[in-house]
Protein chains: 2
Amino acid sequence: MNISDKIILAEAAPEDRSLAIREALRNAIIDRRLAPGTKLSEAEVGALFDVSRTVARAALQMLTFEGLVKTERNRGAFVSHPSPDEARQVFASRRLIEPGIVAGALERITPQDIEGFRRQLDEEARHINERGPAARRAEIKASGDFHLMLASVSGNAILQKFMDELVARSSLVIALYGRSGVSSCGHAEHSAILDALENGDGKRASALMIHHIDHIEADLDLQLKQGLGLKDALSLS
Amino acid sequence: MNISDKIILAEAAPEDRSLAIREALRNAIIDRRLAPGTKLSEAEVGALFDVSRTVARAALQMLTFEGLVKTERNRGAFVSHPSPDEARQVFASRRLIEPGIVAGALERITPQDIEGFRRQLDEEARHINERGPAARRAEIKASGDFHLMLASVSGNAILQKFMDELVARSSLVIALYGRSGVSSCGHAEHSAILDALENGDGKRASALMIHHIDHIEADLDLQLKQGLGLKDALSLS
DNA sequence: ACATCGAAGATTGCATACAATTTGGACGAT
DNA sequence: ATCGTCCAAATTGTATGCAATCTTCGATGT
């Protein structure tokens with residue numbers, strides 16, 4: 001586990017440190033700095049962030065609830081290693097929820113929001129044009145953030161929380177089963193969705209969102225590893 | 001806090017006791033034995049279930065994540081007291097998710113499942129015909145269980161978890177803002193949904209589900225208490 | 001009489017100590 | 001040489017103790 005954010009986050013948490021740790025680990029997981037299957041021992045996490053096992057444990061418990069971490073009794077916590085079936089469930093869920101989020105966002109979006117989205121899209125584009133694994137991670141993160149911004153604008157805190165979970169799990173799934181660079185076309189689709197939103201065309205925005213999710217899932221390689229079953233256990237250790 | 005399940009659950013939990021406590025408190029909350037706003041002190045919960053504050057705290061933390069409990073720093077945990085706005089968000093979320101669950105269930109439902117649903121509906125009917133607050137509680141519980149069974153049949157564990165949360169929150173909302181006996185018509189609607197499902201008519205089943213959710217929400221009295229704002233504080237203590 | 005300040009009690013936040021369980025390896029038997 | 005058993009190291013599960021914070025109630029002064 002090589003997370004260098006340690007100091008930054010330790011000092012930036014005057015209260016609710018377990019929440020800060022959760023956030024740090026979350027980012028590390030969706031950034032792929034922590035690979036699926038990695039063991040997250042309470043002692044190690046505690047040492048990294050300079051806290052006791054108690055608060056480290058609380059952070060891991062939160063991540064377990066989000067599905068980003070799997071804990072086995074008396075064995076410890078591991079970064080989740082979603083099966084192809086779980087992957088499909090993630091995208092099936094997103095197909096249900098995101099059109100609703102788009103519809104909600106359509107009604108509440110403000111010019112300032114649109115401005116924010118434009119900046120976000122610029123950020124995405126910037127990372128796409130950069131080279132190296134760090135840029136790649138930032139690109140994935142930024143791509144997810146677009147969907148989260150949409151959820152935040154939609155004004156439904158519950159759906160927003162669900163999307164938080166789904167986007168994070170999507171990152172894990174893409175890390176495991178992703179085939180190509182994913183987002184070169186994803187960026188264009190984000191842009192198209194925003195355009196439709198700006199023009200008040202909710203139908204079109206929702207349809208674009210569905211297609212976008214389809215494209216992301218289509219880029220995954222879910223079929224092959226499905227039959228093995230025990231391969232999970234192998235790559236887990 | 002008068003939960004008499006103490007002994008039952010304490011002995012039935014050879015492992016993962018915090019999970020059992022979470023379940024017990026969850027049931028107590030959706031059964032309305034624990035009213036919204038009730039304080040759940042760590043020491044009290046621990047004493048009731050004969051465990052240390054550590055495990056009681058873990059259970060409360062889980063409930064906090066589900067939104068059934070709200071914790072304020074250095075103040076403690078309280079049974080959630082959802083605002084009318086939160087209530088609307090709950091039902092907006094259900095309107096998005098449940099049609100998808102119905103569609104998923106349609107594809108995977110087996111004759112055994114249908115048999116199980118019929119028994120569940122009988123259970124509902126039985127409680128409706130009984131008198132007394134206990135029967136009323138059981139009725140509400142059974143009504144929620146129908147939706148959870150549907151989610152379980154749909155085969156999407158993620159959506160199932162979301163529904164778990166949404167149904168529980170719905171119970172809270174109904175407890176706070178419910179007007180009438182709610183489910184006398186709800187039962188008939190459940191039955192109609194099952195019929196449509198059995199006939200393979202997914203469109204109709206989804207439409208019935210939407211109407212069903214509309215009816216539940218329409219029975220709430222969300223407008224009036226909205227303006228007060230400080231009433232929360234009053235009923236909280 | 002009212003308001004303000006202060007101290008005691010209670011409750012949460014966190015760290016640490018101990019018990020229980022699992023894991024890995026070493027030793028010995030076949 | 002291989003398999004089985006047992007012991008030790010490591011890790012999690014749980015309890016408890018102490019510090020920090022909030023609440024409550026009373027005293028004091030205006």
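For the numbers below, each heavy atom of this structure counts, side chains included, while hydrogens, waters and symmetry mates do not.
At a threshold of 4.5 Å between non-hydrogen side-chain atoms, the residues Thr71(A) and Leu60(A) do not count as touching.
For dT12(C), its base never sits under 3.5 Å from the side chain of Ser41(B) at any donor and acceptor pair. With hydrogens and angles ignored, a donor-acceptor pair closer than 3.5 Å exists between the side chain of Arg53(A) and the base of dG13(D).
Place Thr54(B) and Glu42(B) on DNA chain C by their nearest nucleotides, and Glu42(B) ends up nearer the 5' end. Each of Asn74(A) and Val55(A) was assigned the nucleotide of DNA chain C with the nearest heavy atom; the assignment lying further toward the 5' end belongs to Val55(A).
Residue Arg57(B) places at least one side-chain N or O closer than 4.0 Å to OP1 or OP2 of dG13(C). Distances shorter than 4.0 Å separate some side-chain N or O of Arg17(A) from OP1 or OP2 on dC14(C). Remark: Arg73(B) is not in phosphate contact with dT21(D), judged by side-chain N or O atoms under 4.0 Å from OP1 or OP2. For the pair Ser52(B) and dA15(D), the criterion of a side-chain N or O lying under 4.0 Å from OP1 or OP2 is met. In this structure, Arg75(A) does not reach the dT11(D) phosphate: none of its side-chain N or O atoms is under 4.0 Å from OP1 or OP2.
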Self-check item: From CA spacing to verdict: side-chain contact (heavy atoms from CB on, under 4.5 Å), Gln160(B), Met163(B)
Solution: CA-CA 5 Å; Gln160(B) 191 177 349; Met163(B) 279 305 301; 5.7 Å; no
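Electrostatic pairing of Lys141(B) and Asp145(B) counts as a salt bridge here, judged by a charged N lying under 4.0 Å from a carboxylate O.
Here the closest non-hydrogen pair linking Pro84(A) and Tyr177(A) is CD-OH, 3.2 Å.
If you take CD of Glu72(B) and P of dG13(C), they are 11 Å apart, rounded to a whole angstrom.
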